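Predicted, not measured: the structure shown is a model, and the values here were computed from it.
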Amino acid sequence: MAPDKPIRVRNRLRRKELFAKYKDERNKRRHEERAERAKEERENPELKAKRLAENVPNTIESMRVFDETVNAELEGTDEFSEYFENTDKDPKVLVTTSENPKKNGLIFAKMLQDFLPGSVFVERKEKYTMKDMASYCSKRQFSDLIVVNEDKNKVTGITFIHLPTGPTFYFSVTNIIESKKIAGHGNPTSHIPELILNNFSTRLGQTVGRLFQSLFPHRPQFQGRQVVTLHNQRDFIFFRRHRYKFKNEKRVGLQELGPQFTMKLRRVQKGIREEIDWEHKPSMDRDKKKFYL
C-alpha cells in the first residue's frame, strides 16, 4: 500500500529500489485478491455472472451512434437476388487491372484469382473502358468484374461490378501482405472455401456483404478445411484466409494461408459506374463513433 505521505528519497538508485518493491507488493496483493475471487466464483458461479454483468467495458463499438438501419430489411431493388435464388448456378468472375499494369498490380490480381473459385484473369487492353469491359463480361456470362486499381506502381483500390446491371463498388486497399511473407503460412488447395462475414449489420453493410457472398459458390467443400473471413471493424474490412487444423477430438487450431489486406468502402454507384448512391467523404471521419457498415 502506498504511504500516506510521500517519502522524499534523493538517492536515485534507492528511489528505484523502493518503487520496484512497492510495485511487487501491489502485484502480489492483486494476485491474492484474484485467486480468492476465483475460488469464491468456482463455489458460486452466480458471482462471476454478476461481476461480468456489472463490469462491461465501454468501447467505441458499444458507444456507436445509433443507426436505424442496423439489422433492418433491405429496401428497393435487390441486384443480387439472382445469385441467392438460383443456387445451382455458381458465380463466374473476371479479374483484370487498370491500364498499363505494373508488377504489384499483377501480383495482387493473382492473389484475388487464387482465392476466388471459378475466376479468370484477363489482361486489360488500353482501348477498353470500364463499361466496355462490363459489356464484354456480360456477353460471356460472367457474373462479376473485378478491377485492380493502381497509382504510382502501388495497388490503391479494387472496383467490383456486379453484372449485368450493377451496382458498382469501389474500395480503397491498404496493408497488403503476400502469403510468402506470413510466418508459418500454409499452402492453399483448390477446394472451395467457406465464407465468414462479420459485423455487416447496417443496410449498407448488408448490401456489401451480399456483394462478397455473390463472389463465392453456394456449396463450400468442407473437406478442404479452408475458410475466408471478411471482418468489418469500424468500417475497415480485414481479409484473412485460414485452414482448420484438428489437433485431436477436442482441440482445433488455425493455420493462416494468406494473403492479408484491408479494404474501406469509398463509393457505391448504381449501374455500371453511373449515379452515385453512396460516397465516403472526409467529413464522415470526424465522429469516431459513427459507422456506416
Without hydrogens or angle criteria, can the side chains of [X] and [Y] be said to hold a donor-acceptor pair below 3.5 Å?
{"X": "Thr229", "Y": "Asn198", "answer": "no"}
{"X": "Thr129", "Y": "Asp132", "answer": "yes"}
{"X": "Thr189", "Y": "His191", "answer": "yes"}
{"X": "Thr168", "Y": "Arg273", "answer": "no"}
{"X": "His280", "Y": "Asp235", "answer": "no"}

Count the heavy atoms of every other residue, nucleotide or ligand shown that sit under 6.0 Å from [atom1] of [X], and state whether that count exceeds 12.
{"X": "Glu73", "atom1": "CD", "answer": "no"}
{"X": "Phe121", "atom1": "CZ", "answer": "yes"}
{"X": "Gln233", "atom1": "CD", "answer": "yes"}
{"X": "Lys290", "atom1": "NZ", "answer": "yes"}

Whether [X] side chain and [Y] backbone form a donor-acceptor pair below 3.5 Å:
{"X": "Gln206", "Y": "Ala72", "answer": "yes"}
{"X": "Asp114", "Y": "Lys110", "answer": "no"}
{"X": "Thr202", "Y": "Tyr292", "answer": "yes"}
{"X": "Arg219", "Y": "Thr87", "answer": "yes"}
{"X": "Arg124", "Y": "Tyr128", "answer": "yes"}
{"X": "Glu79", "Y": "His162", "answer": "no"}
{"X": "Ser201", "Y": "Asn71", "answer": "no"}
{"X": "Arg241", "Y": "Gly258", "answer": "yes"}
{"X": "Gln260", "Y": "Arg240", "answer": "no"}
{"X": "Ser143", "Y": "Pro91", "answer": "no"}

Measuring only between side-chain heavy atoms, which start at C-beta, is [X] closer than 4.5 Å to [Y]?
{"X": "Val147", "Y": "Thr97", "answer": "no"}
{"X": "Ile237", "Y": "Thr262", "answer": "no"}
{"X": "Leu145", "Y": "Val95", "answer": "no"}
{"X": "Asn104", "Y": "Lys154", "answer": "no"}
{"X": "Arg15", "Y": "Leu18", "answer": "no"}
{"X": "Lys264", "Y": "Leu293", "answer": "no"}
{"X": "Gln269", "Y": "Glu274", "answer": "no"}
{"X": "Ile161", "Y": "Ile146", "answer": "no"}

Identify whether the distance between the nearest side-chain nitrogen and carboxylate oxygen of Arg210 and Asp78 falls below 4.0 Å.
->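 A salt bridge is present here (some side-chain N lies under 4.0 Å from a carboxylate O).
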
Any salt bridge between Arg14 and Glu17, counting N to O under 4.0 Å?
->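 Looking at Glu17 together with Arg14, the answer is yes, because their closest N to O distance falls below 4.0 Å.
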
Could you pull out all residues at least two apart from Lys250 that satisfy side chain to side chain contact (heavy atoms under 4.5 Å, CB included)?
->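 Once residues adjacent in sequence are excluded, the partners of Lys250 under the side chain to side chain contact (heavy atoms under 4.5 Å, CB included) criterion are Asn248.
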
Classify the ring geometry between [X] and [Y] as parallel (under 30°), tilted (30 to 60°) or perpendicular (over 60°).
{"X": "Phe212", "Y": "Phe160", "answer": "perpendicular"}
{"X": "Phe169", "Y": "Phe171", "answer": "parallel"}
{"X": "Phe261", "Y": "Phe108", "answer": "perpendicular"}

Ring-ring centroid check His231 Phe236, cutoff 6.0 Å |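 No.
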
Pairs in or reaching into residues 41-63: which pass side-chain hydrogen bond (donor to acceptor under 3.5 Å, both in side chains), with residues at least two apart or in two chains?
->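 Only Glu41-Arg51, Thr59-Ser62, Glu61-Arg234 qualify under side-chain hydrogen bond (donor to acceptor under 3.5 Å, both in side chains).
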
Could you give me the CA-CA distance, side-chain angles and deciding distance for Lys245 and Val252, then say whether side-chain contact (heavy atoms from CB on, under 4.5 Å) is met?
-> CA-CA 6 Å; Lys245 295 182 67 176; Val252 62; 5.8 Å; no

Mind running ring-ring contact (aromatic ring centres under 6.0 Å, His included) on Phe142 and Tyr136 for me, showing each step along the way?
-> CA-CA 9 Å; Phe142 283 95; Tyr136 171 93; 7.2 Å; no

First locate atom [atom1] of [X], then atom [atom2] of [Y], and finally report the distance between them rounded to the nearest 0.5 Å.
{"X": "Leu257", "Y": "His185", "atom1": "CG", "atom2": "NE2", "value": "9.5 Å"}
{"X": "Arg64", "Y": "Lys289", "atom1": "CZ", "atom2": "NZ", "value": "13.0 Å"}
{"X": "Leu13", "Y": "Lys16", "atom1": "CG", "atom2": "NZ", "value": "6.5 Å"}

With a distance cut-off below 6.0 Å to the six-membered ring centre and an angular limit of 45° from the axis, does Arg251 pair with Phe246 as a cation-pi contact?
->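 Checked: cation-pi criterion not met.
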
So His218 and Phe84, ring-ring contact (aromatic ring centres under 6.0 Å, His included) or not? Walk me through it.
-> CA-CA 9 Å; His218 295 275; Phe84 291 96; 7.1 Å; no

